[in-house]
Amino acid sequence: MQTLPNFDYVIVGGGSAGCVLANRLSEDPATKVLLLEAGGNDNYIWIKIPVGYLYCIGNPRTDWLFNTAAEPGLNGRSLGYPRGKVIGGCSSINGMIYMRGQARDYDQWRQLGNTGWGWEDCLPYFRKSEDHFSGETDLHGSGGEWRVEPARISWEILDAFADACVAYGIPRTDDFNRGNNEGVGYFQVNQRSGWRWNTASAFLKPVKSRANLQVMTGAQADRVLFEGNRATGIAFTKDGQPHQVSARAEVILAAGAIGSPHLLQVSGVGPGAVLQEHGVAVQHDIPGLGENLQDHLQLRCAYKVQGVKTLNQSSIGLFNKAKIGLEYLLTRRGPMSMAPSQLGVFTKSDPAVETPDLEYHVQPLSLNKFGEPLDPFPAFTASVCNVRPESRGHVRLASPDPRAKPEIAPNYLSTEGDRRVAARSIQITREIVGQAALAKYQPEEFRPGMSFQSDEELHKAAGDIGTTIFHPVGTAKMGPEGDRMAVVDTECRVRGLERLRVIDASVMPTITSGNTNSPTIMIAEKTADAMRRAR
């Protein structure tokens with residue numbers, strides 16, 4: 001057993017939150033910080049090229065390769081569940097979409113008892129790290145680490161879809177991040193001059209030479225070490241050898257909505273009955289740890305079209321592939337610069353809904369399943385998800401072995417409300433596609449297909465075509481002292497334990513109305529500020 005010298009802070013997880021925390025906490029040269037990351041460095045070329053997510057998701061070099069349990073709401077299917085296993089975490093393999101969610105999301109957090117987490121409290125921390133292409137405004141920051149740029153590509157079929165949305169009654173927008181994201185427009189992305197901009201490039205690499213910051217890759221945490229109720233350090237494995245490191249100030253878990261609760265559970269923290277069932281001695285009983293899992297389920301509605309270019313045919317053959325590659329090499333534009341989704345739409349499933357509860361990711365391509373070849377005919381996909389699902393699932397250890405993958409059960413479409421919104425979202429998609437703006441392309445729905453008409457049939461269709469859009473949150477819920485299921489307080493300190501925090505997407509009490517990467521960065525930014533002010 002090798003024991004490392006003491007550090008003030010030991011951070012587990014070099015992903016979106018971990019990179020921010022390592023940067024901010026090491027700003028004080030008197031504070032020694034260790035960042036442990038189980039994956040490797042982000043020097044893989046497909047991390048840098050935006051379209052490289054195709055080669056990073058499902059790749060053991062960059063992905064934990066998790067799977068969900070068989071989901072009743074998905075008609076018994078199990079889904080692949082990508083999570084980044086590399087410096088930069090999910091920001092190294094995700095869709096690069098810059099999205100904050102809605103002001104309503106954060107105001108709801110405050111209303112749930114999380115004082116200091118309303119929209120006006122969080123907005124300064126979004127702005128602090130932001131480097132927005134439009135410059136500094138009341139809503140956007142400039143000069144920060146987190147670069148935001150406009151998409152570098154457009155498609156005729158996507159422009160026509162946007163026109164159809166306007167005809168349906170959805171306004172145009174050039175910015176989804178003003179507090180109410182209703183509208184249709186191209187997504188803004190976390191890229192710099194056509195390259196992916198992950199949190200490792202943004203927050204970690206500029207400060208890696210700090211003498212008080214050590215980053216250790218290939219270091220997988222095995223358990224949190226305790227003396228009584230005080231967290232004292234981390235036991236981890238590197239190069240097949242066991243190591244231990246102590247934290248003088250605090251242990252911080254930033255391993256994500258799957259990794260953080262799982263590590264705590266194998267360390268004896270979590271629902272006592274679940275831990276005992278798997279032979280783990282209970283260090284501290286927290287009923288809500290690993291519960292409250294929320295995710296966005298996308299329904300990938302797909303349409304054949306005629307007389308318009310889509311990526312399906314534009315990428316066929318060596319000549320077309322070479323042309324795409326050359327365009328990117330010379331200009332950093334074209335399909336290789338594309339985020340997985342380019343056109344975004346936010347709208348309401350029902351006029352009675354307070355703010356938009358549906359998000360579309362519209363793509364000039366179609367495929368049966370992620371990782372499979374594109375369909376051999378021109379088509380587009382209008383992927384739609386309920387951004388405020390009612391369904392709640394869990395993450396639970398499946399074994400006392402920290403190497404064993406946890407049980408992930410999102411419990412999709414488990415409420416009548418979620419099934420109703422799913423059926424309505426397919427109907428709304430059909431109404432948008434039926435507008436005159438798309439008529440000349442003769443769109444023909446083939447997923448799920450027009451044979452699905454009644455609500456019951458559409459519920460079945462949603463279970464057939466639904467898949468994760470990779471936004472798990474909530475498994476270490478932030479909440480007030482009276483909330484029995486709360487895991488952390490408003491400064492992300494684990495309740496009932498000392499010198500231990502969870503700072504990542506798992507602390508969200510409810511999921512944000514949109515993509516979750518930048519809200520995770522905000523959480524880390526805000527909590528790091530509180531920690532520094534308290535020292």
Side-chain angles (χ1 to χ4, degrees), residues 10-22 35-40 42 56-57 62-68 79-95 198-200 203-204 217 219-222 224 234 236 251-267 269-270 288-296 393-397 402-403 405-410 468-478 487-488 492 494 500-509 511-512 515-525 527-528:
V10 177
I11 304 167
V12 177
S16 296
C19 288
V20 176
L21 293 163
L35 178 64
L36 299 175
E37 167 56 44
D42 66 334
C56 293
I57 293 176
T62 50
D63 183 358
W64 282 97
L65 303 179
F66 292 134
N67 291 280
T68 70
L79 301 179
Y81 216 67
R83 295 285 86 199
K85 186 182 181 182
V86 62
I87 282 287
C90 289
S91 76
S92 295
I93 69 171
N94 71 358
N198 66 356
T199 54
F203 294 94
L204 199 58
T217 57
Q220 184 167 348
D222 295 321
V224 180
I234 293 290
F236 65 97
V251 173
I252 302 170
L253 304 190
I258 307 302
S260 288
H262 183 233
L263 178 60
L264 283 172
Q265 288 172 1
V266 297
S267 304
V269 178
L289 183 68
E291 304 302 305
N292 193 47
L293 173 63
Q294 299 157 62
D295 190 14
H296 290 146
H394 65 256
V395 173
R396 295 174 185 163
L397 78 168
R403 298 290 185 279
K405 293 180 180 180
E407 176 187 273
I408 303 170
T468 178
I469 204 163
F470 321 133
H471 297 163
V473 307
T475 49
K477 174 186 177 182
M478 181 192 301
V487 177
V488 302
C492 296
V494 178
L500 178 64
R501 300 190 200 232
V502 177
I503 308 175
D504 55 33
S506 63
V507 306
M508 294 187 192
I511 195 166
T512 53
N515 311 69
T516 53
N517 189 234
S518 289
T520 301
I521 291 170
M522 179 278 295
I523 289 168
E525 189 81 83
T527 309

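Everything numeric in this text was worked out from a predicted model, so none of it was measured. Residues: numbered from 1 along the sequence shown.
- Looking only at side-chain heavy atoms (C-beta outward), E525 and F203 come within less than 4.5 Å of each other.
- Between T199 and S91, the side chains place a donor N or O and an acceptor N or O closer than 3.5 Å (distance only, hydrogens not considered).
- Looking only at distances, a side-chain donor or acceptor of N292 sits under 3.5 Å from a matching main-chain atom of G474.
- Evaluated for a side chain to side chain donor-acceptor pair (under 3.5 Å) with S16, the options T516, N94, N517, T520 yield exactly one hit, N517.
- Summarising the geometry, atom CD1 belonging to I408 is positioned 4.0 Å from atom CD1 belonging to I258; distances are rounded to the nearest 0.5 Å.
- Proximity of a side-chain donor or acceptor of D63 to a complementary backbone N or O of R83 within less than 3.5 Å is detected.
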Fill in: Worked check of side chain to side chain contact (heavy atoms under 4.5 Å, CB included) between V269 and V224
CA-CA 9 Å; V269 178; V224 180; over 6 Å; no
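- With sequence neighbours left out, the salt bridge (Lys or Arg N to Asp or Glu O under 4.0 Å) criterion links D222 to R403.
- With a 4.5 Å cut-off on side-chain heavy atoms, D295 and H471 count as touching.
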Discussion item. Let's go through L253 and V494 carefully: what are the C-alpha distance in whole Å and the side-chain angles of both, what is the deciding distance for side chain to side chain contact (heavy atoms under 4.5 Å, CB included) to 0.1 Å, and is it a yes or a no?
Written reply: CA-CA 10 Å; L253 304 190; V494 178; over 6 Å; no
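- Without hydrogens or angle criteria, T217 side chain to E37 main chain gives no donor-acceptor distance under 3.5 Å.
- At a cut-off of 3.5 Å, with distance as the only test, a side-chain donor of N198 or S92 sits close to an acceptor on the other residue.
- Side-chain atoms of K405 come within 3.5 Å of backbone N or O of L65 as a donor-acceptor pair.
- One distance of note links OG1 of T475 with CG of L293; it measures 6.5 Å at 0.5 Å rounding.
- Checking side-chain atoms of E291 against main-chain N and O of K477 turns up no donor-acceptor pair under 3.5 Å.
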